[in-house]
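Below is one structure, written out as structure tokens; comments come after it.
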Number of protein chains: 2
Amino acid sequence: MATRDRRPQRRNQVLSREQIIDAAIGLLDSGGEGALTVRALSERLATGSGAIYYHVGNRDQLLDTATETVITSALETESSQAVATPEEEIRRVALALFDAIAEHHQWLATRLTLQIVRNPAGPVTVEIFERIGRQVGALGVPRASWFDATSTLVHYILGAVSQNARMDGDTSGIQPDMDREEFFDATSTAWQELDPENYPFMHAIVGQTKQHDDRDQFLTGIAIVLAGLTHLR
Amino acid sequence: MATRDRRPQRRNQVLSREQIIDAAIGLLDSGGEGALTVRALSERLATGSGAIYYHVGNRDQLLDTATETVITSALETESSQAVATPEEEIRRVALALFDAIAEHHQWLATRLTLQIVRNPAGPVTVEIFERIGRQVGALGVPRASWFDATSTLVHYILGAVSQNARMDGDTSGIQPDMDREEFFDATSTAWQELDPENYPFMHAIVGQTKQHDDRDQFLTGIAIVLAGLTHLR
DNA sequence: ACCTGAACACCGTTCAAGT
DNA sequence: ACCTGAACACCGTTCAAGT
């Protein structure tokens, strides 16, 4: 069937950029940034390390491309929904990012922040700003404040999302074997053991931290920022 | 003079934990996280690598300790001022963090976020939350919302501060030789070249980005979140 | 107790050589 | 054009040995 090749390429192309990116995302999801090794990647793809460099240039660029792939697709599936109020649309974009980072929690948050900082003209930054910025206009924020308002929203989203990404990089958080619940219990008991004279506030909130939901709290934060925006002069 | 030693220690102690931490901060400031190498550190201190591990345990722990040292001292000098309104006090804590990260821009932002995520019972997290949380109470936020309100503030601060930390890690942001101004110009021209049909918002804000001040924008963001908090049910 | 520095098991990246 | 894999210049960490 495929005996005669239509492309003028030499046809022994057997490794594609997409395959490399997919495999990289798999590695990242399974063990965080530290797990993405050129050696591990070339083993998984059954090639030499040179083949990866031929297609992809660089470990850092590979990380950026993986981030771009994941974020872009998260924003695309979000945009397929019917449009609602500006507030609702902002919530959707925010939650799309929140969920994407939860899904790829071991590496995405750090890399997303890095990409927005270093590459403000790249598709990731541009797409996020454009999506949120339009709604800020629709919200009634005066045009002169659009940039400030949108930046505030994006900054809040990134900060919240980074915080809810459980331990990046390595697992060396005192105990490597501790699930989410144990980790929370350990924190609240540690907070309870603080000197109540010097840390009255921490004592006051231990109860609230114990049974709070990250996603709900994230939405509360969005609501707070949105409320603040409506009072912008 | 110092012929008879008062300490029961063996007295050939010539390298201290503090020296190591100071040298580490120096290395980090000069070249970011990548510049903190056990080899570079031991060379600067004229010792072997083993000596560092004897005092400090680990590269990761050294990074954490450096972060703790810098953040703690930034918060201490801030607290020496006379108390003002709750809003003013929150602004001060926020700016103390903003300035600390600007001073150590190549590494601090990432490490601060990491520390708050992984070590919520550590001094850095506790101090920041306690400082801000108290003022949230004084602001009139209902007790049941203290945790949500404080988290929102902290998340915003961290997000904004991470964003304003210029390129972490390495300098590979397209061009290694580009100062702040060139970088900004390059972004705005890139934004101007975007398709106006699909990116009307980006076109609308190019003008504002060109002459905006990061610190001012940061304070505007704080004001927005504070305004939102006063409307918390 | 405190320090040395060689040794180990890894990295990312390059590049001559193959097809 | 696309791929191989040895080689290079680095890492963090350990550990026997010294004082």
Side-chain angles (χ1 to χ4, degrees), chain A residues 2 4-21 23-24 27-28 30-66 107 111 114 168-173 176, chain B residues 2 4-21 23-24 27-28 30-66 107 111 114 168-173 176:
Chain A
R4 61 166 160 128
D5 31 351
R6 14 215 3 220
R7 302 284 198 119
Q9 300 185 229
R10 287 265 201 155
R11 161 233 31 189
N12 45 346
Q13 141 91 281
V14 75
L15 185 66
S16 75
R17 231 178 100 88
E18 283 73 37
Q19 277 174 70
I20 295 176
I21 294 163
L27 246 18
L28 288 164
S30 72
E33 259 215 42
L36 180 60
T37 288
V38 180
R39 278 169 177 79
L41 193 57
S42 51
E43 192 188 1
R44 180 177 276 219
L45 292 166
T47 22
S49 54
I52 286 157
Y53 283 90
Y54 180 80
H55 287 280
V56 113
N58 205 318
R59 198 190 99 109
D60 204 62
Q61 286 172 39
L62 179 54
L63 247 354
D64 278 346
T65 312
W107 61 281
R111 271 287 149 178
L114 210 56
D168 261 71
D170 63 344
T171 342
S172 68
Chain B
R4 60 163 160 129
D5 32 351
R6 13 212 7 219
R7 301 289 196 116
Q9 299 185 231
R10 290 263 201 156
R11 160 231 37 185
N12 44 347
Q13 141 92 279
V14 76
L15 185 65
S16 74
R17 231 179 101 87
E18 282 73 37
Q19 278 175 66
I20 296 175
I21 294 163
L27 246 17
L28 288 164
S30 72
E33 257 214 43
L36 179 59
T37 287
V38 179
R39 277 169 177 80
L41 194 57
S42 52
E43 192 188 1
R44 179 177 276 219
L45 293 166
T47 23
S49 54
I52 285 157
Y53 284 88
Y54 181 79
H55 286 282
V56 112
N58 206 317
R59 198 188 100 110
D60 202 62
Q61 286 172 40
L62 179 56
L63 246 355
D64 278 345
T65 313
W107 60 282
R111 271 288 149 176
L114 210 57
D168 262 70
D170 62 345
T171 342
S172 68

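Residue numbering restarts at 1 for every chain, and letters A, B, ... go by the order of the sequence lines.
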Distance, nearest 0.5 Å, that separates CG of Leu63(B) from CD of Glu33(B): 4.5 Å
Neighbour count above 12 (heavy atom, 6.0 Å) for Gln61(A) CD: yes
Sugar-phosphate, base or nothing in reach of Ile52(A), heavy atoms under 4.0 Å: nothing
Options dC3(C), dT13(C), dG5(C), nucleotide nearest the side-chain atoms of Ser49(B): dG5(C)
Sugar-phosphate only, base, or nothing, as touched by Thr37(A) at under 4.0 Å among non-hydrogen atoms: sugar-phosphate
5'-most by nearest nucleotide on DNA chain D - Leu36(B) or Tyr54(A): Tyr54(A)
Rounded distance in Å - CG (Leu63(A)) to P (dT13(C)): 10 Å
Sugar-phosphate only, base, or nothing, as touched by Leu62(A) at under 4.0 Å among non-hydrogen atoms: nothing
Euclidean distance, atom CG of residue Leu41(A) to atom P of dC3(D) [Å, nearest integer]: 13 Å
Minimum-distance pair of heavy atoms, taken over all atoms of Ala66(B) and Leu28(B): CB-CD1, 4.2 Å
Rounded distance (nearest 0.5 Å) linking atom CG of Asp60(A) with atom CZ of Arg111(A): 4.5 Å
Main-chain N/O of Ile20(B) paired to His55(B) side chain as donor or acceptor, under 3.5 Å: no
For atom OH of Tyr53(B) and atom P of dA6(C), their distance in whole Å: 17 Å
Residue met sooner reading DNA chain C from 5', once Arg39(A) and Gly50(A) are mapped to nucleotides: Arg39(A)
Value in whole Å for how far the P atom of dG5(D) lies from CG of Leu15(A): 14 Å
Spacing of Glu43(B) atom CD relative to dC10(D) atom P, expressed in whole Å: 12 Å
Contact under 4.0 Å: Asn58(B) side-chain N or O vs dT13(D) OP1/OP2: yes
Proximity to the side chain of Thr47(A) - top-ranked nucleotide from dG12(C), dC3(C), dC3(D): dC3(D)
Residue-phosphate contact under 4.0 Å: His55(B) side-chain N/O, dA1(C) OP1/OP2: no
